[in-house]
Every structure is written in structure tokens, then in C-alpha cells.
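Below: the structure, in C-alpha cells.
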Amino acid sequence: SSAVAAIRALLGFLKQDRGETIQGLRNSLRDAIDTLSRVDSSVAVSSGGELFLRFISLTSLEYSDYSKCKEIMIERGEIFLRKVSLSRNKIAKLCHPFIRDGARILTHAYSRVVLRVLEAAVESKKRFSVYVTESQPDQAGQKMAKALRKLNIPVTVILDAAVGYIMEKVDLVLVGAEGVVESGGIINKIGSNQIAVCAKAQNKPFYVVAESFKFVRLFPLNQQDVPDRFKYKADTLKTGQNLTEEHPWIDYTSPSLITLLFTDLGVLTPSAVSDELIKLYL
Amino acid sequence: MDLIRTEGQRMTAAQPSETTVGNMVRRVLKVIREEYGRLHGRSEESDQQESLHKLLTSGGLSEDFRTPYPSLRANVIEAINEMLIELEGTTDNIAMQALEHIHSNEVIMTIGYSRTVEAFLKEAARKRKFQVIVAECAPFCQGHEMAVRLSKENIETTVMSDAAIFAVMSRVNKVIIGTKTILANGALIAVSGTHTLALAAKHHSTPLIVCAPMFKLSPQFPNEEDSFHKFVSPQEVLPFTEGEILAKINVHCPVFDYVPPELITLFISNIGGNAPSYIYRLMSELYHPDDYEL
């Protein structure tokens, strides 16, 4: 995913850095993260970068000798990358028991984590069918449907507007997340909030799957609070157009609409998310 | 640890609905891990749980329990004895908190028979005067026994059928119930009829208080909803003497009910009162994540 690639890039940057001080290193890393966000302003890149920076600060506190510190950092960075690549499998293992035989699942847009979970469910011999929203404006749902058909799962692509109509037929809703915020809510492709509201109205469980590096230090109280640099693509922001004419790419779903979050740290209720974030940043 | 785990698996396989067996096995495993960690020289601060922090700072990927320590066995046995003493005192601990929650001239509703709730109400009755309405909880009608025991302590008790729960709820101040198991998301597995009671309480905005000791907290999630259920002979629902109809209908007699966490106001346990959203925290203190699957 893009966040993993960003972290790998930062690690490579770290290896090549010629500075002699921690302060210098932090500054140059911050510049690197800024550059990355200017190219691809997704939430995951930002949270991954922030996590990496935090990881540098934590390590620097333990060792005072700079060169030794750098060695340890590089070693831990490699371990971190390895753990992160295993996280998708961990999540799939946690989540697939929640998919019962004969279930009808609704999902939104294209998410590799959700794909992995459904793959794991197929491997454990469960039969289920999937409804995918088309997810305009980039038709990401069609991509998801194609990938699911390859796994021999019966798929139906529905209009984004048909979510309310289809909700009564569905047993559970499973979406990925681009970012998980401190309140336990999620930032995901535009349309997720609608699905969550419909699911709540019809009493259907709304499950979110996300890796732990997507946890972000944001606390939006409403849709307006989500920073513009996440809502719109980086090039749109650069051209400086009037943003009221632009369509945002993501929205915020509040924690009261989410039933459970599946992460590589375990199955969490939305209230447990802030606890995890505190454990890291305190 | 493997020995305990295999024994635990055997015991839980024998009766899956008795989750306390599995819970205790997990507690013992956690105790062993802690004692080992203490002897291994790790500081008290270091967290054994998965966390973002650990993701960044830990050196290796797994932990090795192979180093033998002679005093480990004695330490573990001592810790288990402490746990036994704690277990024996749970009902009293819960009952001690009764006075804070029950006030004079209140109408309390409960369902079925729970020893914890009985002790809770008896303790409060020593200093306060209140009324109790007991739903009889068909088909086993354990509510009758509860009512008899409460009235022996001179508590004004009324028994009514489960169908009347909603009708009477508007006059009730609090609902206090016991439970069989508490699940990891804060939900309950309690006697059949509790979900109805919880929904009625929610509708009238009556607080629902659950009195349960911590050993009933189980790290399972309600995923396979059919797997935790226990059905008993439908003799109570429709006796075998009604032979003619029996061939034409299906009769079920489920013992347990699932109550979702949104309907519960407070959990009172031997370690104090907690909100359902806090259950995950209590769970991380009692059990280690690797032991969730025995």
C-alpha cells in the first residue's frame, strides 16, 4: 500500500542521511514527509510518516551515541516493515470468523484489506455473496468486483445511491479505512458515512478493517474538521482553485456508527482506539 | 503452559457454554506469564500487550519461555492461591457496593434467580427500604425462588410474568440483573428473557445495572451467534402429553439470550463499577491476547 511504500522510502532516506545530529535528522525527515504528502495526500501516508517520526524520537531517547542510535533505528525499521507486511494476514485471521456461512456482505470501493479478509473466508470454506458500491468518481467498486470474481465470489455492483435500498438484504457491512482517528471514527472513501448511517438505521453491524499504522492523531468533530489536504488530491490543492467547486474524496464516519474495528492489535471497540493511541504517543 | 492449555481445551470442549472454566484457565496462564516476566528481570512497566508502541520499539518478534527458574513454580502457586481468595470474596465485594446504588423507596426490577443480585439486594435491605419486582423467567420459573428468598429478609417483593415486563417498566426506577457471561464487546449472555427486559428498560430510559464478578468476563466476541447457545428439552414449553400437536410443530427452548452493549448502563463487579465501553480495558488486565484462543 502507499503508506508502506512511504515508510520504506523514509527508511531508505534514513540510511542515506549524512547528518550528525538527531535534530538534523528529524528536520530532514520532516521535509521528506512533506514532500511525500505533496505528491500523494492520503491519510495513510501522513499517519505512516508521523509514526516513523515518532519511532525515531523514541529510539533517540534511549541511546545517546548517534551512530549506534542510527544502527538500531535501521534495524528496528526493518523489523517494523516486516511486522507491517504481516498485519494484513493477522487481520484476516481475526475477521473471517465473523462472516457466517450464507452471509451477504456489503462493502465500499476498493480495499486490499477487505479483499484479504474475504479471501481468508473463502479459504475456510464459507459461502457468501458480496454487494459492492460502484464508488464514483473513480469507479473503484468495479476494480473490487473484478478482484472478487477472480476468487469465485458472487458479486453484485450497485449504485452508490442504492445503499439504502439494498441495506435490508444485507447481513453485515465490511469496509476498509484510509485512516482511523482518535475518537475511534474512520476516514474512508466518500460514501462510507452514508453507508454507516443506513446500517445503523437498519441495525446491521458495521465492521471496519484497518492496519495499525493507519491510526492518526486527528480528532474531527464533524466533516468540516477534516483537513483539506486529506479531502482533495494534492494536485487539486496546488492549483489553488476554489475548493467549493471540488468534490472531496473522503469523509469522516463517527465512532457511534461503527460496531467493531479489526486491526493487527486485535479486535477493538471504537472506545479502545484512543487508548491505543495514548499508549503510543504518551 | 502447554499442559494447562491442553487441559483447558478439554474442559471447555466438554461444556462450551460454561465460559468461566476457560476464563480461569486464561487467568492462570496470564499469572504464569507475569511471574516468568518478573523473574526474567523485565521491569513492571513493560506492557505485555500488543500496542503501537510495542510495534515500534520491540527488538524481536516473539518471546521465549524456555529459561528455567526454580522459584517460578512456588511463585505461581502463591499467585493462584491469591486468586482463589479473591474468587471467594467476589460476592461480598459486590454486595458492599449496594448502598451506593440503591436508594430508599425505590422500585427495583430483576429477572430470574442470581445469587449475586440476591446478596446485593439483601445488603442494601439492611439499611434501606425498597420494593422489588421479580420477573418469573419462564419456563423454569427461577424467579419464584428469588422472590421467596428476598421476602424472607422482609423485602417487599412482587412476582409477575415475563409478558408483563413492558407494562410495569414505567413504574420501575432501576433494573438490576445478573448474567452468565460478559463478552469482550460489553455484551451479555444471560437467561432467556433478559433481552426483552433490556429493551423495555431502554425504551423507558431506566438504568440497567449488571452485577457480575470479573471471572465471568470472557474474551470471546459474539461472532458465531449460534455457537454459544444451549437448548434444553422443550418439555417445559410444551409438555410431551400434548402428543398430537408435537408431530406438526417445532418447539425450541433456548436457555440464553444475547444482550447488546448499548442497552447496558453499568457493570458492577468485585473491582468496582464500570461502563460497558471500558470492558476492553478490564480484559487486557486479566488476560493476555495470545490466550484468547485457548
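Proteins get letters first, then strands, A, B, ... in listed order; numbering begins at 1 in each.
Proximity to chain B is limited to the side chain of A/L260, based on heavy atoms less than 4.5 angstrom apart.
To the nearest 0.5 Å, the span separating OG1 on A/T269 from CZ on B/R281 amounts to 12.0 Å.
Contact between B/S277 and A/S271 at its shortest, heavy atoms only, is O-OG, 3.2 Å.
Under the ring pair (Phe, Tyr, Trp, His ring centres under 6.0 Å) criterion, B/F166 pairs with B/H203, B/H204, sequence neighbours left out.
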